[in-house]
There are 2 protein chains.
Amino acid sequence: MEKTRKTTLSDVAALADVSPITVSRALRDPEKVSQDARARITRAIAQLGYVPNPAARALASGRTDVVGVIIPSVSNNVFADVLRGIYDGLQDSPLGVQLGTTRYSPSTEEQLVRVFLSQQPAGLIVAGHDQSPAARALLQGAECPVVQIMEVGPQPIDLVVGLSHYQAARDGAQHLLDMGYKAPAFLGAQMDPRSQRRLAGFRDCLIAAGMGADDPVVTTPEPSSVSLGCRLFADLLATRPRTDAVLCNNDDLALGVLFEAQRRNIRIPDQLGICGFNDHEMMSAAEPPLTSVETDRYEMGRAAIRQIRDRLAGKGHPRGHAVDLGYRLVPRVSTARRD
Amino acid sequence: MEKTRKTTLSDVAALADVSPITVSRALRDPEKVSQDARARITRAIAQLGYVPNPAARALASGRTDVVGVIIPSVSNNVFADVLRGIYDGLQDSPLGVQLGTTRYSPSTEEQLVRVFLSQQPAGLIVAGHDQSPAARALLQGAECPVVQIMEVGPQPIDLVVGLSHYQAARDGAQHLLDMGYKAPAFLGAQMDPRSQRRLAGFRDCLIAAGMGADDPVVTTPEPSSVSLGCRLFADLLATRPRTDAVLCNNDDLALGVLFEAQRRNIRIPDQLGICGFNDHEMMSAAEPPLTSVETDRYEMGRAAIRQIRDRLAGKGHPRGHAVDLGYRLVPRVSTARRD
DNA sequence: TTGACGTATGACAGCGCTGTCATACATGAT
DNA sequence: ATCATGTATGACAGCGCTGTCATACGTCAA
């Protein structure tokens, strides 16, 4: 490993005929440096191809330009959309992203929180409200802004951007009843805490409608997929053949249900109503188009970053501030039963 | 910002009654420290809740425990799978991930390469072979292992894990001809360099079959989606009504074609053959199941990390080593034309 | 003229860790 | 007894930057 002796601040300073501190200031706070010096410094930087060393900056200042993002998984397209929002929100800022995935394990999450906080990040984004007590304590003591995303809930750690999964699912279930379906069921995979809340919303809707005796629910802890939607729907039909509608925990499952119904010549929406969750782009393209509960994952990421940037700029919201992004039921043909 | 004066190596050293250097060694190279000292140090660390400062380590050693990953987009499920492989490959290692997205822009990519390299990463993973000359030069001069993923190609920068998109698409096109389709077309979105290579494979297959005169290709630079598949297919039918098969640049488009065909009562596979690309999980679940060219995105991520870890451990492959993961045509009902 | 104040710049020390070299002692071969 | 070798540990300096305080020089009101 031959060291090429990277150019440093001092090299730039020497060439620009100022002290290193002035260069440092010119980089971070150009206002504070005279036009003249700034011009010479800029030229010297270009000439030497100087690139600052983030580790040195972090060590000296105790801060970094990295936002930690801790989510359960990258292959869930919900989080892919959130990440896209995060990256777009970070445009034209010096901030970068360090990403960690928990695989839905609270202990992994706790470890990631510990590691990320040790890097003294500019901010931290974590998914959900179900951190372990130790992780919560760590986050509570963090010196940087912390944003919990995906869900609004009681007892925020710091900032929150999300929606009520309970209400969203409850509205989805109500929609099925409103459209005249008599025996709706719930299909769920990957039953993480948010999925549990959605299930609770479904159940409470049925109870409120006087249909609480039965509990038409098929779930599995397996990760969600379209194939799994096919299988769960098959299981559902085997045990509850009179089911006439399904509220799916997410859109992948809903798509699987559609395919399985097509295979069995079950007519959508007359014999079976289908409602998904999140309103992924494909839902409107399907044949027939599938009803879903729209959530704005992209905006969730953007808003989270906005919270952090505002806070860093000193004009942010105080602790406990929550943004409820809401949701929107998007009725399509798949639940438009003709009576 | 009240500073709580983090506990440092020296604090641990004092408590364990050794010098700071011994603590440092105990952390990085436990073999080199006596049983006895190690036990005392471990106890002291636990007692003080000591967490190392990565910035200080990076500054002193000139290295970090971060692997930079530069990909075009996170919302493309191809890259989501790759990322999953990367994270799984990083299990039980001290390495973390810093993720950057280029949005398919070479200049953004170049900037990310610059920024990431300035952090002196443990390794760098970049998608594709189409970096700008400046980015290539930077990567060539990098002191860390660099892995180009997705695609095998000429003139690797360092290490490569990928497959031939040209060949894969050519085989997909040949499959359509083999199944008796007479007028296959190509549908493409997001025409990045890899897509261009796939298109070239399609074209060369037709030329080899003596069908080169016509050029049945509909593409758009828009990002891919299921809805876009519907639209491109509609466009295709409008201009080339005699088309009897489509090779899609990816699975999203293929799904869109399926839905649009269903809407128009076009029978799959007899009136229309459909072949996707990547073989995303949903392809086998569709009705009818959709033929696709399988690529192992997950393994691509894992293998890339394996290359880096091996290299860091000193037992890696030399510069220029390429792993061709291949591909596999998975024929399903959507191309099983009955003659 | 004097002092108060604002602006541009610099000196100094130190952030927490590791690379390098040195030291102390034990072991075994000669 | 002598030396080479190996093992466990430590001293020292410094990685590249920034926080803090100090300095030099102007400007303006009294």
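We use all heavy atoms of the structure for the numbers below, so side chains are in, but hydrogens, waters and symmetry mates are not. So that the names make sense, note that chain A is the first sequence line, chain B the second, and so on, each numbered from 1.
Of all heavy-atom pairs between Glu299(A) and Leu325(A), the closest is C-CD2, 4.0 Å. Shown here for Pro72(A) and Phe79(A), the closest heavy-atom pair between the two residues is CD-CZ, 3.3 Å. The heavy-atom pair separating Leu312(B) from Ala122(B) by the smallest distance is CD2-O, 3.5 Å. Closest of all the heavy-atom pairs between Val12(A) and Ile41(A) is CG1-O, 4.2 Å.
Between the CG atom of Leu48(A) and the C1' atom of dG16(D) there is a distance of 15 Å, rounded to whole Å. Arg57(B) has its CZ atom 18 Å from the C1' atom of dG16(D), to the nearest Å. Rounded to whole Å, the distance from CG on Asp65(B) to P on dG16(C) is 19 Å. Residue Leu59(A) contributes atom CG, which lies 14 Å from atom P of dG14(C) at whole-angstrom precision. One atom, OH of Tyr50(B), and another, C1' of dC17(C), lie 7 Å apart when rounded to the nearest Å. What separates CG of Asp29(A) from P of dT7(C) is a distance of 13 Å, to the nearest Å. Rounding to whole angstrom units, CG of residue Asn53(B) and C1' of dG14(C) are separated by 13 Å. We find that CG of Leu9(A) is positioned 19 Å from P of dC15(C), with the value rounded to whole Å.
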- Task: Output, in order, the C-alpha distance, side-chain angles, deciding distance and verdict of side-chain contact (heavy atoms from CB on, under 4.5 Å) for Met150(A) and Val82(A).
- Result: CA-CA 9 Å; Met150(A) 304 315 291; Val82(A) 173; 4.0 Å; yes
- Item | Step-by-step side-chain contact (heavy atoms from CB on, under 4.5 Å) determination, Gln190(B) to Asn76(B) | CA-CA 11 Å; Gln190(B) 184 79 76; Asn76(B) 179 328; 5.7 Å; no
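Put simply, CD1 on Ile70(A) and CD1 on Ile125(A) are 10.5 Å apart, with the number rounded to the nearest 0.5 Å.
When each of Ala60(B) and Ile21(A) is assigned the nucleotide of DNA chain C bearing its nearest heavy atom, the one mapping closer to the 5' terminus is Ile21(A).
Contact annotation for Pro52(A): backbone-only contact, meaning every heavy-atom pair under 4.0 Å involves sugar-phosphate atoms and none involves a base.
For Ser24(B) and dT18(C), the shortest distance from a side-chain N or O to OP1 or OP2 is below 4.0 Å.
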Every protein N/O within reach of nucleotides 7-9 of chain D N/O, cut-off under 3.5 Å:
from, atom 1, to, atom 2, distance (Å)
dT9(D), OP1, Ser34(B), OG, 2.9
dT9(D), OP2, Ser34(B), N, 2.9
dT9(D), OP2, Ser34(B), OG, 3.3

